[in-house]
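Working notes, beginning with the structure itself.
Note that the structure is predicted; figures quoted are calculated from it, not measured.
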Number of protein chains: 2
Amino acid sequence: MSKQIDNHIRRLRFEHQEMTQQALADQVGVSRQTIVAIEKNKYSPSLEVAFKIADTFALSIEKVFEYK
Amino acid sequence: MSKQIDNHIRRLRFEHQEMTQQALADQVGVSRQTIVAIEKNKYSPSLEVAFKIADTFALSIEKVFEYK
DNA sequence: AGTTGGTGTCAAATATATTTAACATGAAGT
DNA sequence: ACTTCATGTTAAATATATTTGACACCAACT
């Protein structure tokens, strides 16, 4: 019953000039390990980090993270 | 330069049958104090709580939280 | 064979979000 | 005057996110 959060970060990285985890981390202002953790769904990020990731790809949060 | 997160929770509560903080907290599954803190911008929520709040109002995250 | 870059993982420390419980205030009703 | 309800605030404890540093693996070079 409870929904779950997935994300398309890995795909989006590749669609954006094969951006590396490190490059994304730098843009967003977090460590690479944080990107890895979010990308692999080890935990869901703060709203702030979610917004920054979405911003990096010029997308809405809903187009980066799915809640369903 | 760094953007900031605001929200329209209070307004949305009133637009939804004058929903109380407690009622929203119950729907979302957090404590009332958490709603107060988010509503008053004491901190920004986790992405999960943000999604649940948006869900409660049947809106996208961007229509509940503004990042700019 | 050795090196480099991108990725995955782990553990310990720190920062931030969230809970619980308690108390204060003001507005509305009795 | 008293009660009730919605709200705001605080402090301490717990949970979760994030950082830092380290190491392993694999693919692509040289």
Worksheet entry | Spacing of A:K42 atom NZ relative to C:dT7 atom P, expressed in whole Å | 16 Å
Discussion item. Within the 4.5 Å heavy-atom criterion, are A:P45 and A:F65 side-chain neighbours or not?
Written reply: yes
Worksheet entry | Distance, rounded to the nearest Å, where A:I35 contributes CD1 and C:dT9 contributes C1' | 16 Å
Discussion item. Whole angstroms only, please: what is the CD-C1' distance between A:Q33 and C:dG8?
Written reply: 10 Å
Worksheet item: Do A:D26 and A:R32 sit within salt-bridge range, that is, some charged N less than 4.0 Å from a carboxylate O?
Response: no
Discussion item. Looking at A:T20, I'd like to know whether one of its side-chain N or O atoms comes within less than 4.0 Å of OP1 or OP2 on C:dG5.
Written reply: no
Worksheet item: In whole Å, what is the span from the CD atom of A:Q22 to the C1' atom of C:dG8?
Response: 14 Å
Item to complete: Please name the pair of heavy atoms, one in A:E39 and one in A:I9, separated by the smallest distance, quoted to 0.1 Å.
Response: OE1-CG2, 3.6 Å
Practice prompt. Report the distance from atom CZ of A:R10 to atom P of C:dT7, rounded to the nearest whole Å.
Written response: 7 Å
Fill in: Nearest-angstrom distance from the residue atom CD of A:Q21 to C1' of C:dG5
12 Å
Practice prompt. Measure across A:T56 and A:M19 and return the closest heavy-atom pair with its distance rounded to 0.1 Å.
Written response: CG2-CE, 4.0 Å
Discussion item. Between B:E66 (side chain only) and B:I5 (backbone N and O only), is there a donor and an acceptor less than 3.5 Å apart?
Written reply: no
Worksheet item: For A:Y43 and C:dT18, what is the distance between atoms OH and C1' respectively, to the nearest whole Å?
Response: 17 Å
Discussion item. Within the 4.0 Å heavy-atom criterion, would you say A:T34 contacts the bases, only the backbone, or no part of the nucleic acid?
Written reply: base
Worksheet item: Taking atom P of C:dT18 as reference, at what distance in whole Å does atom CD of B:E39 sit?
Response: 14 Å
Worksheet entry | Leading and trailing nucleotides of DNA chain D with any atom under 4.0 Å from heavy atoms of chain B | D:dA6 to D:dT10
Worksheet, complete the sentence: On a heavy-atom basis, the closest approach of A:I38 and A:N7 is O-ND2, 3.0 Å
Worksheet item: Quick one: do A:E48 and B:K3 make a salt bridge, cutoff under 4.0 Å?
Response: no
Worksheet item: Between B:V36 and B:E48, which has a closest nucleotide on DNA chain D that is more 5'?
Response: B:V36
Worksheet entry | 5' priority, DNA chain C, between B:R32 and B:P45 [closest heavy atom] | B:P45
Worksheet, complete the sentence: Ranking A:I38 and B:F14 by the position along DNA chain D of their nearest nucleotide, the one closer to 5' is B:F14
